[in-house]
Number of protein chains: 2
Amino acid sequence: MKKYVFTDSVGYLTTTISRILQQKLQAKFKSTGSNTTPEQWRLLVVISNEGEMNQSQLAELQHKDRAAIKRLLDHLETKNLVIRKSGKDSRSHTISLTQEGRKMVQVFTKASEETVNEALSCFSEEEAKNLNQLLNKLLNNIK
Amino acid sequence: MKKYVFTDSVGYLTTTISRILQQKLQAKFKSTGSNTTPEQWRLLVVISNEGEMNQSQLAELQHKDRAAIKRLLDHLETKNLVIRKSGKDSRSHTISLTQEGRKMVQVFTKASEETVNEALSCFSEEEAKNLNQLLNKLLNNIK
DNA sequence: TAATAAACGTTGATTAGTCAACAAAAGTAG
DNA sequence: CTACTTTTGTTGACTAATCAACGTTTATTA
């Protein structure tokens, strides 16, 4: 019977790791002169990967609420990285990347890859693969 | 040569997992009638585990900046979960838990443990142990 | 068809985190 | 001892997330 130690729990570890990685990524973005944030970039990548969709669908995919997505999109639209289109259902806005948005995804994917590689530098290829599988399994279990 | 896929990176996975776990924990806290948040609770636990220290030290331990810690402590102090004491160095405030603060740690540790156990329900004991080791190793590499 | 329900995006209020700048106190050097 | 530097906590401005409430528009159903 093991004692539960909070600083050793997935909750603590993922939260802390996530925060540090975001800080590193933010610094990397900033050093290129851009003021796009990691969260804004994440949203761009999701749209790029999953294709056009409306704000509610984005919210569900990102596990955030609609208000959070709305405000992120406001920032992205101001920077001309994204546009909202209205179709026949006038409640819904279809979100898609602009030319600049697509470029931003390309440029910052490299920065993101670098950050991840640095983070994983302590692992063998097998360990890294293992970690990835375990995290994916965990995510699927809780989402 | 593997292609880098962002939704498969530690950055994406840890951030998403962390967010979902926080949401679950928040819901659990709220269902007990408390308005203490997961982040506030985390800070309480750190103080409880690591002993009294000042705000700068807390900030460093939590990988947040001093302003963030200051504001969290303001909330905790308002709720009488924490007190700031001044010693000979009048710049520095030593933070310690109140009676209520200690009780809060106990009560919510159980909720936290439940949340973690539910999250890990898809894993064998060995897998869970493995995940923990890998996350700890990763954290040590980046912090 | 008319009334009701659901979906969508939006807004305001609150908690959280970062950054830059600041005053006050303590430490260091000349 | 005085001048400079560092440390500590604080504040304001900003991005981010959540919750509750709201108005429109679409869908359902009685």
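Throughout, protein chains are lettered first and strands after them, A, B, ... in sequence-line order, and every chain is numbered starting at 1. Computed from a predicted structure; not experimentally measured.
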Task: Spacing of L21(B) atom CG relative to dA17(D) atom P, expressed in whole Å - done: 16 Å
Open item on the list: What verdict does the salt bridge (Lys or Arg N to Asp or Glu O under 4.0 Å) test give for K28(A) and E113(A), after you've listed the backbone C-alpha separation in whole Å, the side-chain angles of each residue and the deciding distance to 0.1 Å?
Closed with: CA-CA 11 Å; K28(A) 208 155 250 179; E113(A) 191 172 3; over 6 Å; no
Open item on the list: The criterion is salt bridge (Lys or Arg N to Asp or Glu O under 4.0 Å); which residues satisfy it with E100(B), sequence neighbours excluded?
Closed with: none
Could you run down the sub-3.5 Å N/O contacts of the protein with nucleotides 22-28 of chain D?
residue : atom : partner : partner atom : Å
dT25(D) : O3'  : S90(A)  : OG           : 2.8
dT25(D) : O2   : R91(A)  : NH1          : 3.2
dT26(D) : OP1  : K88(A)  : O            : 3.2
dT26(D) : OP1  : S90(A)  : N            : 3.0
dT26(D) : OP1  : S90(A)  : OG           : 3.2

Open item on the list: One pair to check against side-chain hydrogen bond (donor to acceptor under 3.5 Å, both in side chains): S112(A) and Y4(B). What are the steps and the verdict?
Closed with: CA-CA 9 Å; S112(A) 166; Y4(B) 170 77; 2.4 Å; yes
- [ ] In whole angstrom, give the distance that lies between atom CZ of R84(B) and atom C1' of dT8(D).
- [x] 12 Å
Task: Per-nucleotide protein contact string for nucleotides 11-19 of chain C, where B marks a base within reach and S marks sugar-phosphate only (heavy atoms under 4.0 Å, - for neither) - done: BBB-SSSBB
Open item on the list: My understanding is that only residues two or more places apart in sequence, or in another chain, count here; which of them pass side chain to side chain donor-acceptor pair (under 3.5 Å) with Q62(A)?
Closed with: none
Task: Touch class at under 4.0 angstrom, heavy-atom based, for R42(A) against every strand present - done: nothing
Open item on the list: Over 60° means perpendicular and under 30° means parallel, so tell me whether F108(A) and F29(A) are parallel, tilted or perpendicular.
Closed with: parallel
Task: Qualifying residue, where the test is side chain to side chain contact (heavy atoms under 4.5 Å, CB included) with K129(A) and the options are E126(A), Q133(A), E125(A) - done: Q133(A)
TODO: Establish, with yes or no, whether the OP1 or OP2 oxygen of dT8(D) is under 4.0 angstrom from a side-chain nitrogen or oxygen of Q57(B).
DONE: no
Open item on the list: Can you measure E60(B) atom CD to dT7(D) atom P for me and round it to whole angstrom units?
Closed with: 11 Å
Task: Pairing residues for K79(A) by the salt bridge (Lys or Arg N to Asp or Glu O under 4.0 Å) criterion, not counting sequence neighbours - done: none
TODO: Kindly say if S92(A) contacts the phosphate of dA7(C), meaning a side-chain N or O under 4.0 Å from OP1 or OP2.
DONE: no
Task: Atom-pair distance (CG on L73(B); P on dT8(D)), nearest Å - done: 15 Å
Open item on the list: Among residues at least two apart in sequence or on other chains, which ones pass salt bridge (Lys or Arg N to Asp or Glu O under 4.0 Å) with D89(B)?
Closed with: R91(B)
